[in-house]
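On a predicted model such as this, the values are computed, not experimentally measured, just so you know. Order of the sequence lines sets the chain letters (A, B, ...), proteins ahead of strands, with each chain counted from 1.
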Protein chains: 2
Amino acid sequence: MMKRELNNSQTIQMQGHFLTTQRRLLLELIRDSEGHLDAKELYQRARARDESIGPATVYRSLNLFKELGLVDEMRLGKLRCYYEIKKSSEHQHLVCQGCGKVIEFQNPHFQELIKAVQREQGFKITRAELCLEGYCEHCEQEEKGDD
Amino acid sequence: MMKRELNNSQTIQMQGHFLTTQRRLLLELIRDSEGHLDAKELYQRARARDESIGPATVYRSLNLFKELGLVDEMRLGKLRCYYEIKKSSEHQHLVCQGCGKVIEFQNPHFQELIKAVQREQGFKITRAELCLEGYCEHCEQEEKGDD
DNA sequence: TTAAGTGCAAAGGCTTTGCAGCATA
DNA sequence: TATGCTGCAAAGCCTTTGCACTTAA
């Protein structure tokens, strides 16, 4: 298990806010999770590594990270928000309803779609999020078995 | 202002559950809103027409309607859930961040995209929801003015 | 050093649940 | 009429806020 330290660029990105032990931990956890954690889960993982961290710090940090543009907030599956370190390249998410696995993907049709809607509806689109749910190959097999 | 009554097909769709005064009112409100109400807003509108209705009834009814497949639940904009009477044809939503207007649209690229992802990721997709946010022509103008 | 950040606990929203009375099929 | 539904109130979550203490720059 790699445990890279957050580097100086992270400090710079804090834009004057302190990069505290707690914030560093939270950023590490978000990054290491490959981006599919909700606030509650993040709190639990943080707690496992720092007994004294409180939920308030988690929520405050998430809000700060969002504000600074360090993490993206996504609504996948049910109603929960998931967080991930902001990436330069756009990608969308696919959630397996069987095992909860989250897959990231990119597809040229997506950009096509955005452009088309922008043109046809006369909207300037600022945020586009695609929520796909379904069953991965493995869970699809199991589903069939259960019927 | 048209105020069509819910017809018998609605009764049938209740699948054995009572079509009570409250449920009829809620379904009417959801339908008349053209589908972009969250639970709180629905409660307020219901309250305006029936002083005595409580939030519990609204939430219970929404859960029932979802269960029966009478309404669709969508996550648009912030984190709120919006409800609309289920329609046969698929459509997606576009929210204006300026005025809150919700536009429904369909675009062939969307189906293309779903098919492509299904094929490329080996997923069986069961739910697909596209969340677009931006500024409509009118609000885009105002934005420019404010800068 | 000192302003910003933290933990704790309490408060705030929204949603669900338990229960006695009411209304629909 | 009898079960299911409702309203009320209380409880449950998740998230935010206030305050005194701590800590990073």
Undergrad: Taking the side chain as everything from C-beta on, heavy atoms only, tell me whether A:H93 gets closer than 4.5 Å to A:E129.
TA: no
Undergrad: Rounded off to whole Å, could you give me the CG-to-P distance for the A:L64 and C:dG5 pair?
TA: 7 Å
Undergrad: What residues form a side chain to side chain contact (heavy atoms under 4.5 Å, CB included) with B:S52, not counting sequence neighbours?
TA: B:D50
Undergrad: Considering non-hydrogen atoms only, spot the tightest contact between A:L26 and A:A46 and give its length.
TA: CD2-CB, 3.8 Å
Undergrad: Tell me which nucleotide among C:dG5, C:dG7, D:dG7 gets nearest to the side chain of A:H17.
TA: C:dG5
Undergrad: Looking only at heavy atoms, which two atoms of B:A128 and B:Q92 are closest? And how far apart?
TA: O-NE2, 3.9 Å
Undergrad: With the side chain of B:D50 defined as its heavy atoms from C-beta on, choose the nearest nucleotide among D:dG7, C:dG5, D:dA25.
TA: D:dG7
Undergrad: Distance check needed: C:dG13 C1' versus B:E41 CD, whole Å only.
TA: 17 Å
Undergrad: Whole Å only: how far is the CZ atom of B:R23 from the C1' atom of C:dC22?
TA: 14 Å
Undergrad: Let me know, please, whether A:Q22 or B:N63 comes out on the 5' side of the other along DNA chain C by nearest nucleotide.
TA: A:Q22
Undergrad: Check residues 107-124 of chain A and write down every donor-acceptor pair under 3.5 Å in which the side-chain atom is one partner and the other belongs to a residue at least two apart or another chain.
TA:
| residue | atom | partner | partner atom | Å |
| --- | --- | --- | --- | --- |
| A:N107 | OD1 | A:H109 | N | 2.8 |
| A:N107 | ND2 | B:E120 | OE1 | 3.3 |
| A:Q118 | OE1 | A:I125 | N | 2.8 |
| A:E120 | OE1 | B:N107 | ND2 | 3.3 |

Undergrad: Under a 4.0 Å threshold between the charged nitrogen and the carboxylate oxygen, would B:R45 count as salt-bridged to B:E41?
TA: yes
Undergrad: Take the protein atom OH of A:Y43 and the nucleotide atom C1' of D:dC14, then report the distance between them rounded to whole Å.
TA: 12 Å
Undergrad: What nucleotide, of C:dT24, D:dG7, D:dA24, holds the atom closest to the side chain of B:S52?
TA: D:dG7
Undergrad: CD of A:E67 versus C1' of D:dT16: gap in Å, rounded?
TA: 14 Å
Undergrad: Quick check for you: among D:dC14, D:dT6, C:dA4, whose closest atom lies nearest to any side-chain atom of A:K40?
TA: D:dC14
Undergrad: Should A:T20 be listed as having a side-chain N or O under 4.0 Å from OP1 or OP2 of C:dT6?
TA: yes
Undergrad: Once you round it to whole Å, what is the distance between P of C:dC8 and CD of A:E51?
TA: 10 Å
Undergrad: Detail all sub-3.5 Å separations between protein N/O atoms and N/O atoms belonging to nucleotides 17-20 of chain D.
TA:
| residue | atom | partner | partner atom | Å |
| --- | --- | --- | --- | --- |
| D:dG18 | O6 | A:R60 | NH1 | 3.4 |

Undergrad: Rounding to a whole Å, what distance do you find between A:I53:CD1 and D:dT22:P?
TA: 17 Å
Undergrad: Which comes earlier along DNA chain D counting from the 5' end, the contact point of B:R47 or that of B:F18, where each point is its nearest nucleotide?
TA: B:F18
Undergrad: I need the CZ-C1' distance between A:R24 and D:dA25, as an integer number of Å.
TA: 12 Å
Undergrad: Flag the pair B:Y43 / B:T57 as yes when at least one side-chain heavy-atom distance between them is below 4.5 Å, and no otherwise.
TA: no
